There are 4 protein chains.
Amino acid sequence: MPSKRLGNTVPASHNARVSTTRSTLPSERRAHLVHLAGELFAEKGFRATTVREIADAAGILSGSLYHHFDSKESIGDEILTGFLDDVLAGYRGADADDPRAAIEQIVRTSSATLTRHRAALTMLQRDWNHFGAQPRFAYLRDAMREIEKTWITHLERGKKAGLFRADLDAKLTYRLLRDVLWMPTSWRQGEGGWGTDEVVDAFLRLLFEGINAPKRRRITSKN
Amino acid sequence: MPSKRLGNTVPASHNARVSTTRSTLPSERRAHLVHLAGELFAEKGFRATTVREIADAAGILSGSLYHHFDSKESIGDEILTGFLDDVLAGYRGADADDPRAAIEQIVRTSSATLTRHRAALTMLQRDWNHFGAQPRFAYLRDAMREIEKTWITHLERGKKAGLFRADLDAKLTYRLLRDVLWMPTSWRQGEGGWGTDEVVDAFLRLLFEGINAPKRRRITSKN
Amino acid sequence: MPSKRLGNTVPASHNARVSTTRSTLPSERRAHLVHLAGELFAEKGFRATTVREIADAAGILSGSLYHHFDSKESIGDEILTGFLDDVLAGYRGADADDPRAAIEQIVRTSSATLTRHRAALTMLQRDWNHFGAQPRFAYLRDAMREIEKTWITHLERGKKAGLFRADLDAKLTYRLLRDVLWMPTSWRQGEGGWGTDEVVDAFLRLLFEGINAPKRRRITSKN
Amino acid sequence: MPSKRLGNTVPASHNARVSTTRSTLPSERRAHLVHLAGELFAEKGFRATTVREIADAAGILSGSLYHHFDSKESIGDEILTGFLDDVLAGYRGADADDPRAAIEQIVRTSSATLTRHRAALTMLQRDWNHFGAQPRFAYLRDAMREIEKTWITHLERGKKAGLFRADLDAKLTYRLLRDVLWMPTSWRQGEGGWGTDEVVDAFLRLLFEGINAPKRRRITSKN
DNA sequence: GATGAATGAGACTTCATTCAT
DNA sequence: CATGAATGAAGTCTCATTCAT
């Protein structure tokens with residue numbers, strides 16, 4: 001399994017990260033600060049969010065943040081590592097033999113993970129250029145590579161099994177699908193009043209069947 | 001036609017905008033500067049791009065930019081207005097009676113427009129929070145509203161005509177589709193080596209038919 | 001008493017102002033900075049004084065000023081509000097029944113206040129156009145209006161009581177007198193070696209009696 | 001006559017100035033530009049007025065101003081020299097033997113001159129610190145010195161003749177009076193609806209007689 | 001742990017001035 | 001004479017970060 005190989009890499013780099021930070025005990029207070037920061041980063045972007053805003057949200061002075069974190073960057077780091085660890089765990093768990101089932105597993109597990117890490121995902125999308133460029137965030141690229149590999153594997157297996165259209169460009173489809181899957185997360189919470197499940201279901205139907213009305217409904221008893 | 005009505009509104013607000021800027025004549029030089037700025041904004045984000053970088057790209061000093069523009073913001077403004085005018089023109093031209101044809105028109109025209117304004121679209125997605133908040137950029141919200149209305153109109157008409165699945169949530173589908181349609185533009189040019197047409201075709205097939213292999217392949221020799 | 005009524009208005013707007021500034025506690029250090037800034041503003045004008053000069057005078061970097069104040073403007077604000085509060089307090093205290101006594105009280109109290117706030121007054125005169133135009137400084141106009149009302153009230157009462165010439169244009173006289181009263185403050189300290197009292201006395205004699213030699217010259221038929 | 005002596009100095013430095021400027025012929029166009037600039041300088045202050053604003057007022061581009069003038073400073077120079085030449089001419093013409101008559105002549109001639117050069121006077125008051133500091137504007141200090149000398153001469157002569165109070169501090173009185181005399185000019189035109197003559201008359205009465213009602217009104221029928 | 005003051009680098013912007021066309 | 005483009009110095013302000021108390 002390719003994910004196994006990559007699996008060693010990513011958490012490793014993550015752990016290396018964490019040790020950089022002063023305290024290893026999430027310590028409740030610290031976790032709260034990370035959460036606050038995440039919300040702000042998601043809302044306004046990483047660069048556009050100032051440490052003072054984070055500190056204000058926490059009711060302390062900006063300088064005091066540095067008792068908890070080395071730098072603003074390390075807060076972002078902590079948020080993103082936590083997120084990607086969860087995502088990868090989900091992907092690795094989606095190991096059904098049937099490619100369609102596997103993909104459905106991925107979609108459903110992602111949906112849950114993404115909801116939990118809404119802010120982190122938004123950060124990732126929004127500030128990918130910022131983070132992706134720095135060596136410190138190499139683990140981001142590693143994680144994305146594992147995710148890509150997982151999708152492509154399932155799509156190709158589906159094609160070979162005659163389940164998916166033979167002319168699917170697996171890589172292109174992956175890009176399209178992953179981005180679509182990640183997209184609703186960035187929609188402002190409850191923007192359209194859609195629950196997570198609604199979106200996922202709509203997405204899955206769209207994905208497997210398209211928007212067309214069923215072709216010859218009289219004969220086929222649906223799907 | 002609702003688009004006609006809205007059509008008057010949006011360019012009006014647009015023209016009001018433009019008059020704010022010092023010169024109305026694009027003047028070649030100015031257009032070049034706007035283009036350079038757009039590329040940088042798309043690459044690094046609006047806020048993360050400094051006026052010095054823009055000026056450097058143009059081979060002038062940063063202060064000299066202000067001979068051409070009021071502010072960094074007004075450069076962004078110019079880029080976005082130019083883009084949205086084009087987009088809306090495309091949407092308004094997509095007026096086929098058949099909803100499927102209309103949507104296909106939108107997708108195809110969008111594809112061309114988006115290619116031409118790749119940078120602008122990326123800016124819009126990436127820095128929507130930044131721009132959308134300011135009163136100055138109210139026209140952005142107006143334009144997005146017209147776009148939404150157009151999609152929903154076509155989707156609903158398709159549903160009524162029995163062309164599209166009756167259980168489609170038009171608004172949700174619109175969000176999903178529009179974002180998907182706009183997404184590949186932000187992929188770094190030629191990232192996967194996909195040409196524009198390839199992406200559009202893949203997108204349209206996915207859209208209308210899903211990823212499933214055709215239901216009764218034995219009978220139809222199609223595809 | 002009209003001054004009473006207005007009395008509520010002006011300090012109110014003042015307090016509203018102050019809350020805008022980061023800290024409400026003058027904090028010693030902050031007060032010192034305000035003082036330094038005031039001296040410079042008086043000497044060179046508000047606009048002509050750079051924040052760097054203020055910072056230099058305080059022995060810190062210019063950016064560090066922004067730890068204490070929102071903006072250069074808010075320093076000016078603080079100086080002017082402090083000044084006007086004092087001035088108005090003096091005017092409100094000058095409530096003798098005899099109009100001549102009241103005016104003398106005003107002149108004498110002003111003299112003391114103006115000495116204490118020499119820099120602020122100079123700013124007010126010199127940069128009135130700058131400040132007066134901005135909505136933020138509306139309280140300036142309020143304060144000036146109260147001052148005018150006070151003078152005019154006393155002058156009119158003096159006219160009715162037959163103490164002042166019946167043909168005095170109260171408003172014009174007020175303008176002339178107030179400006180004269182405020183003028184010496186802007187003279188460079190000790191420019192002519194005149195003490196404050198000297199100037200005030202000269203002013204009061206001029207005011208009440210003019211420059212003519214005493215009338216009772218019955219003998220001389222002149223004039 | 002002291003004014004004669006100084007008289008040589010001031011216009012000399014003035015002429016030296018003028019030759020600096022490119023064209024000697026006022027040329028109509030140039031005079032217009034100077035006028036426009038003066039109005040703006042008076043309204044907003046010399047420093048606060050940008051050359052672009054002047055150019056805008058004239059309907060040309062800012063760079064084009066430099067075909068007419070060396071620099072912004074030289075425009076200010078031209079305005080001030082023109083003004084002071086006129087003022088001094090007026091002072092020199094006020095040579096009545098009677099000190100009171102002489103002072104009245106000064107006040108009346110000044111009033112006319114000041115009205116004609118309202119903008120210049122406002123500049124002088126407002127931006128004295130700016131100009132007074134530069135060597136280039138040494139003639140300003142010369143002119144002011146002549147003006148002071150003239151007043152003091154008349155005041156002292158009036159004291160010796162028993163016309164003015166013996167305890168007048170001539171220098172202090174001069175400062176007070178000159179500033180008062182110059183003050184109304186800076187009042188926004190027609191601010192109180194006062195005509196020039198009104199102000200001058202009010203001023204003269206105040207000056208000679210003070211604000212007190214005439215001592216023995218019953219007896220004297222006078223005014 | 002937190003505060004308050006400060007740093008230092010760098011951001012956006014302004015403006016008088018120059019100059020080729 | 002005027003334009004349009006550019007310069008370069010300076011100005012206000014922002015912000016991550018440090019550190020003594």
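In what follows, chains carry the letters A, B, and so on, assigned in the order in which the sequence lines appear, proteins first and then strands, with residues in each chain numbered from 1. Worth saying up front: this structure is predicted, and the values here are computed from it rather than measured.
- Distances shorter than 4.0 Å separate none of the side-chain N or O atoms of S64(A) from OP1 or OP2 on dG1(E).
- E73(A) places its CD atom 13 Å from the C1' atom of dT17(F), with the value rounded to the nearest Å.
- Summarising the geometry, the separation between CG on L65(C) and P on dG8(E) is reported as 15 Å, rounded to the nearest angstrom.
- Note on R52(B): every side-chain N or O is 4.0 Å or more away from OP1 and OP2 of dG10(E).
- Within the structure, every side-chain polar atom (N or O) of H68(B) is placed at least 4.0 Å from both OP1 and OP2 of dG4(F).
- Proximity of S71(A) to the phosphate of dA16(F): no side-chain N or O atom is located under 4.0 Å from OP1 or OP2.
- Consecutive Watson-Crick or G-U pairs involving DNA chain E, each under 3.5 Å on both distances, make up stems of three or more pairs at E:2-21 with F:2-21.
- Heavy-atom distances to DNA chain E give each of G63(A) and A48(D) a nearest nucleotide, and the one nearer the 5′ end belongs to G63(A).
- The side chain of Y66(A) has dT18(F) as its nearest neighbour among dA6(F), dT3(F), dT18(F).
- One side chain, D77(A) or Y139(A), offers a donor N or O that lies under 3.5 Å from an acceptor on the other.
- Contact annotation: R29(B) reaches the phosphate of dA6(F) (side-chain N/O to OP1 or OP2, under 4.0 Å).
- Between K72(B) and A58(C), the residue whose closest nucleotide on DNA chain E is further toward the 5' end is A58(C).
- For dA5(E), the OP1/OP2 oxygens have a side-chain nitrogen or oxygen of H67(C) closer than 4.0 Å.
- With H130(A) as the partner, the ring-ring contact (aromatic ring centres under 6.0 Å, His included) test is satisfied by one option alone out of F137(A), F46(A), F41(A): F46(A).
- L61(C) comes within 4.0 angstrom of a base, heavy atoms only.
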